[in-house]
Each structure stands twice: as C-alpha cells, then as structure tokens.
Amino acid sequence: MTNTDTNKTVTIEGIHFQTKKPISIQVQNGIISKIQTNIEKFSENLPIIGPGLVDLQINGYEGLDFNTLPIDDSLVPAVTRALWKEGVTSYCPTVITNNDELIEEAMRAFAKAYSQDSYVRRAIAGIHLEGPFISPKDGPRGAHSKAYVKGPDWSLFQRWQDAAEGKIKIVTLSPEWPGASKFIERCVDNDVIVSIGHTAATSKQIREAVDAGARMSTHLGNGAHLMLPRHPNYIWEQLSQDELWACVIADGFHLPDSMLKVIIRTKGSKVMLVSDAVYLSGMPSGNYNSHIGGEVVLTPKGKLHLADNPKLLAGSAQMLTWGIRHLVKSKLMSLSEAWEMASMRPASFIGFPCEAGLKVGAPADLIAFTSNEDGIDIIETYKNGEIVYSKRQNELVV
C-alpha cells in the first residue's frame with residue numbers, strides 16, 4: 001500500500017519482515033526518513049516489507065545471457081529491470097571462463113551500460129569474474145571450458161579491469177596455482193574481493209589464500225569432485241576458515257538439506273544466498289539448447305539438467321526467492337533469517353549501502369511481498385524509494 005505526495009515523500013505500509021509488526025515507512029529523496037509501528041492498522045491483507053534482495057552471482061535471466069557475446073546495448077538494462085520482478089534491487093553480473101578477448105568485450109559492455117543507464121548504475125554492485133583462474137581438473141572446473149582455464153595473471157586481470165572501468169568487484173579463483181597468493185594480495189590492495197571456488201586446492205593452499213586475503217567461498221559444495229577424501233578436503237577446509245564467508249545455492253537441487261544445514265550452522269551470519277542463475281532462469285519449463293551444456297531440460301519442478309543425463313545439473317535456473325522459500329520450507333531457518341541471508345548480508349559483505357535494511361537513513365530499496373507454502377510473491381519493488389515494479393499494475397513501472 002503506497003501513496004506519494006507533491007513533496008516526493010513516499011509512504012509504504014506493510015508488515016516488518018523481522019518484527020512481524022505493521023509499520024509505515026516514509027521515504028524522502030530515496031532514503032528512509034521515518035518508520036512508525038501502526039498496531040491499529042494491522043491487517044492480514046498487508047504485504048510483508050523487506051529490504052531489496054542482493055544477488056552476488058547471476059549469469060543472466062529470461063533468455064538474456066551475460067556470457068553470450070556480443071552483448072547488445074539493451075541487454076544489461078533489460079536484465080536489470082527484469083530482476084525487479086524477482087525482488088532483486090542490486091546484483092553482480094557474472095562473467096565466466098572464456099577467451100581473453102571475449103571477457104574483455106563483456107567488461108566493456110558492462111562499463112558502457114553502467115555509464116549510460118542510471119538504473120543499471122544504481123543496481124550493479126560490481127562485476128563478478130568467475131574464472132578463468134580456476135582448477136583445470138574435471139569436477140572442480142564444472143561447466144567452464146578447459147581450453148580457457150589458466151593460472152592467475154595480474155597483467156591480464158588489469159586489462160579486464162581497465163575495460164570494466166574498475167567495476168570488477170569479485171574474482172573467483174582456485175589457489176592451487178603457483179603465485180596465487182601474490183595475485184590475491186594484489187587484488188586485496190586494489191579493493192577486489194577474492195573468492196575461492198572451482199578449486200582442487202590442498203588445505204595448505206586454502207590457508208595460504210586466506211592469509212593473503214581471500215574472503216569468500218563461491219557456491220560452496222558445488223564445483224567439486226563427485227568423490228572426495230574423508231579428510232582433509234577443500235570443502236572441510238573452507239568451512240573451517242572463520243574469515244571466509246560462504247555463498248550457497250539453496251534451490252533444493254545443488255545441495256542436499258543436510259549440507260545446507262552444516263554450512264549454515266558452521267558459518268552462522270557469514271553465510272549468504274546466491275542464485276548463480278543462468279540465462280534460462282525465468283523461462284518456462286521445456287527443452288533448450290544451451291551454449292554450455294548442449295541439450296538441456298528445465299523441468300516443471302524447476303530443475304535444469306542435461307537432456308541425456310537427468311542426474312547432471314546444467315546450472316541453476318531459480319532466483320533468490322526460490323532459495324529463500326526452500327530454506328523456510330525445509331525448516332532450516334525462519335523467513336526473516338533467510339531474507340536477511342539474501343539481502344542485508346551480501347550487501348554488508350560487498351559494502352553496498354543497502355546493508356542497513358529497514359532503518360532510518362538507509363536507502364529505500366524495499367520489497368513488498370507475500371509468503372506461503374506455494375512460494376514468495378513479489379507485489380512491489382522500490383529502488384531508492386521509486387516504485388519500479390508493481391504486480392498490481394502487472395508491469396515494470398520504468
């Protein structure tokens with residue numbers, strides 16, 4: 001429920017996602033200026049109000065792919081706006097392993113979109129470069145092309161960072177390469193977050209990476225061998241490193257609930273939800289031809305797998321709201337905890353202003369939604385206090 005006066009003051013009413021109390025939020029100039037509790041206005045018809053979702057790893061949406069080149073000028077703005085329907089107000093577009101020139105071309109496309117579109121500028125929290133400095137081994141490499149995998153190269157990275165006009169914020173790499181620690185130190189010195197992922201590193205190499213400044217684990221538990229030593233192994237080692245924040249894909253297909261539970265219990269407030277969604281997310285179920293997996297199937301239940309082997313996943317096709325609902329339905333955490341895991345925590349980790357959530361002085365990146373056994377339904381999305389998506393109008397507003 002909203003209204004806007006002539007002084008650009010926006011009022012948003014709903015149920016606080018944490019306190020479960022009815023509140024009235026006033027927004028001025030894109031910032032939350034006042035929050036009042038309105039017990040007398042309690043109504044079952046009021047939506048829940050939570051902070052905007054922040055996705056640190058997304059490869060595309062609704063058939064639009066960040067890893068199919070060339071990237072048309074309209075693609076990044078189109079994905080940014082389409083994600084509002086999913087409650088995502090900030091995100092890290094993710095570029096995976098490719099040849100050097102194509103990665104550079106992708107970085108230029110993001111920089112161009114960032115400079116030309118104010119909504120893209122406000123939404124992109126930084127670019128996530130996932131590869132090519134990952135393990136060349138089958139299993140940990142995942143679907144990344146072995147032909148382009150290589151060891152960390154600072155000069156090459158700088159070339160890409162220059163093309164991105166400094167927008168690369170996260171680099172996923174494997175510390176198994178010689179010189180990885182020095183590369184990590186240079187990233188840290190240049191305000192780039194290093195995440196360990198797609199790795200076959202030893203425990204010693206992981207500890208050295210953490211000592212050098214690595215701070216995150218990319219989709220922990222995935223991008224790994226099918227069989228691992230009982231101990232030590234690179235999953236246990238990352239779990240044991242208190243300095244590492246852990247990202248997880250909680251779509252119900254990538255990790256069993258027991259593994260999710262262990263990661264949540266071990267990492268506590270340092271576990272974050274990501275979608276790692278590929279460009280087939282948001283598409284109807286059916287058969288597709290993917291440039292990475294070939295013939296793939298998106299099932300009515302939301303699983304994306306290889307057509308010739310249903311046991312092998314072809315990526316993630318579900319968004320953050322799906323993961324939130326899975327965590328709640330599986331009784332792994334409350335709705336407010338899961339929502340925080342997909343909004344305030346990643347914002348805090350990456351240093352984005354919306355980390356404050358629902359507090360006076362915070363940016364008014366807000367979501368009005370309902371939640372039940374069938375899932376989470378986004379009613380309205382606000383970016384800096386501006387309504388950018390309304391289900392009631394069944395449209396993107398801008």
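All values below were derived from every heavy atom in this structure, side-chain atoms included, with hydrogens, water molecules and symmetry-related copies excluded. For the single chain, residues carry numbers from 1 onward in sequence order.
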(request) Could you go through the side chain to side chain donor-acceptor pair (under 3.5 Å) check for Ser336 and Gln18 one step at a time? (result) CA-CA 5 Å; Ser336 63; Gln18 289 173 317; 5.9 Å; no
Any salt bridge linking [X] with [Y]? Criterion: basic side-chain nitrogen under 4.0 Å from a carboxylate oxygen.
| X | Y | answer |
| --- | --- | --- |
| Arg81 | Asp117 | yes |
| Asp138 | Arg141 | yes |
| Arg215 | Glu243 | no |
| Arg207 | Glu237 | yes |
| Lys182 | Glu208 | no |
| Glu165 | Arg108 | no |
| Asp100 | Lys150 | yes |

(request) Determine whether the aromatic ring centres of Trp84 and Tyr382 lie less than 6.0 Å apart. (result) no
For [X] against [Y], the heavy-atom pair lying closest together:
| X | Y | answer |
| --- | --- | --- |
| Gly221 | Ile235 | CA-CD1, 4.0 Å |
| Pro232 | Ser203 | CB-OG, 3.4 Å |
| Leu64 | Ala78 | CD1-CB, 3.7 Å |
| Pro140 | Ala200 | CG-CB, 4.0 Å |
| Trp177 | Pro152 | CB-CD, 3.4 Å |
| Leu298 | Pro284 | CD2-O, 3.7 Å |

(message) Run the side chain to side chain donor-acceptor pair (under 3.5 Å) test on Glu86 and Tyr61 for me, step by step, so that the C-alpha distance in whole Å, both residues' side-chain angles and the decisive distance to 0.1 Å come before the verdict.
(response) CA-CA 10 Å; Glu86 300 286 352; Tyr61 183 67; 2.6 Å; yes
(request) Taking atom CZ of Arg121 as the centre, report whether more than 12 heavy atoms of other residues, nucleotides or ligands fall under 6.0 Å from it. (result) yes
(message) Heavy-atom count check: over 12 atoms from other residues, nucleotides or ligands less than 6.0 Å from Lys270 NZ?
(response) yes
(message) Please determine whether ring pair (Phe, Tyr, Trp, His ring centres under 6.0 Å) holds for the pair His144 and His198, giving the CA-CA distance in whole Å, both sets of side-chain angles, and the decisive distance to 0.1 Å.
(response) CA-CA 9 Å; His144 291 236; His198 290 282; 4.4 Å; yes
Quick check for you: to the nearest 0.5 Å, what is the distance between [X] atom [atom1] and [Y] atom [atom2]?
| X | Y | atom1 | atom2 | answer |
| --- | --- | --- | --- | --- |
| Ile23 | Ile35 | CD1 | CD1 | 6.0 Å |
| Cys247 | His219 | SG | NE2 | 9.0 Å |
| Leu244 | Ile206 | CG | CD1 | 8.0 Å |
| Tyr148 | Ile103 | OH | CD1 | 10.0 Å |
| Leu358 | Ile12 | CG | CD1 | 9.5 Å |
| Asp55 | Met319 | CG | CE | 5.5 Å |

So [Y] and [X], do their side chains get closer than 4.5 Å, heavy atoms only?
| X | Y | answer |
| --- | --- | --- |
| Leu304 | Val296 | yes |
| Lys169 | Ile350 | yes |
| Ile196 | Thr218 | no |
| Phe352 | Val54 | no |
| Val248 | Leu255 | yes |
| Glu105 | Leu102 | yes |
| Tyr279 | Thr68 | no |
| His326 | Asp251 | no |

[X] (side chain) donor-acceptor with [Y] (main chain) under 3.5 angstrom:
| X | Y | value |
| --- | --- | --- |
| Gln238 | Tyr234 | yes |
| Ser195 | Met216 | yes |
| Ser281 | Val278 | yes |
| Lys85 | Tyr389 | no |
| Ser290 | Gly294 | no |
| Ser115 | Lys112 | yes |
| Glu386 | Lys383 | no |
| Gln161 | Ile168 | yes |
| Asn59 | Ala277 | yes |
| Arg122 | Asn384 | no |

For the hydrophobic clusters of this structure (ILVMFWY residues joined by side-chain heavy atoms under 4.5 Å, transitively), does one cluster hold both [X] and [Y]?
| X | Y | value |
| --- | --- | --- |
| Val88 | Tyr119 | yes |
| Ile71 | Ile127 | yes |
| Val79 | Trp322 | no |
| Val95 | Val149 | no |
| Met283 | Ile249 | no |

(request) Check the pair Glu104 / Arg159 against salt bridge (charged side-chain N to carboxylate O under 4.0 Å, His left out), numbers first and verdict last. (result) CA-CA 8 Å; Glu104 183 175 354; Arg159 174 178 145 194; 2.7 Å; yes
(request) Anything under 30° is parallel, anything over 60° is perpendicular, the rest tilted; go ahead and classify Trp154 against Phe183. (result) perpendicular
Just checking, is any N or O donor in the side chain of [X] or [Y] under 3.5 Å from an acceptor N or O on the other one?
| X | Y | answer |
| --- | --- | --- |
| Gln318 | His254 | no |
| Tyr91 | Ser275 | no |
| Ser334 | Glu337 | yes |

(request) Evaluate the side chain to side chain contact (heavy atoms under 4.5 Å, CB included) criterion for residues Lys303 and His305: first the C-alpha distance (whole Å), next the side-chain angles of each, then the deciding distance (0.1 Å), finally the verdict. (result) CA-CA 6 Å; Lys303 180 180 179 180; His305 64 76; 4.3 Å; yes
(request) Output, in order, the C-alpha distance, side-chain angles, deciding distance and verdict of side chain to side chain donor-acceptor pair (under 3.5 Å) for Ser135 and Thr199. (result) CA-CA 5 Å; Ser135 178; Thr199 185; over 6 Å; no
(request) State whether Phe110 and Lys167 meet the cation-pi test: NZ (Lys) or CZ (Arg) under 6.0 Å from the six-membered ring centroid, and within 45° of the perpendicular axis. (result) no
(request) Just do the side chain to side chain donor-acceptor pair (under 3.5 Å) check on Thr172 and His128 with the steps written out, would you? (result) CA-CA 8 Å; Thr172 289; His128 185 159; 2.7 Å; yes
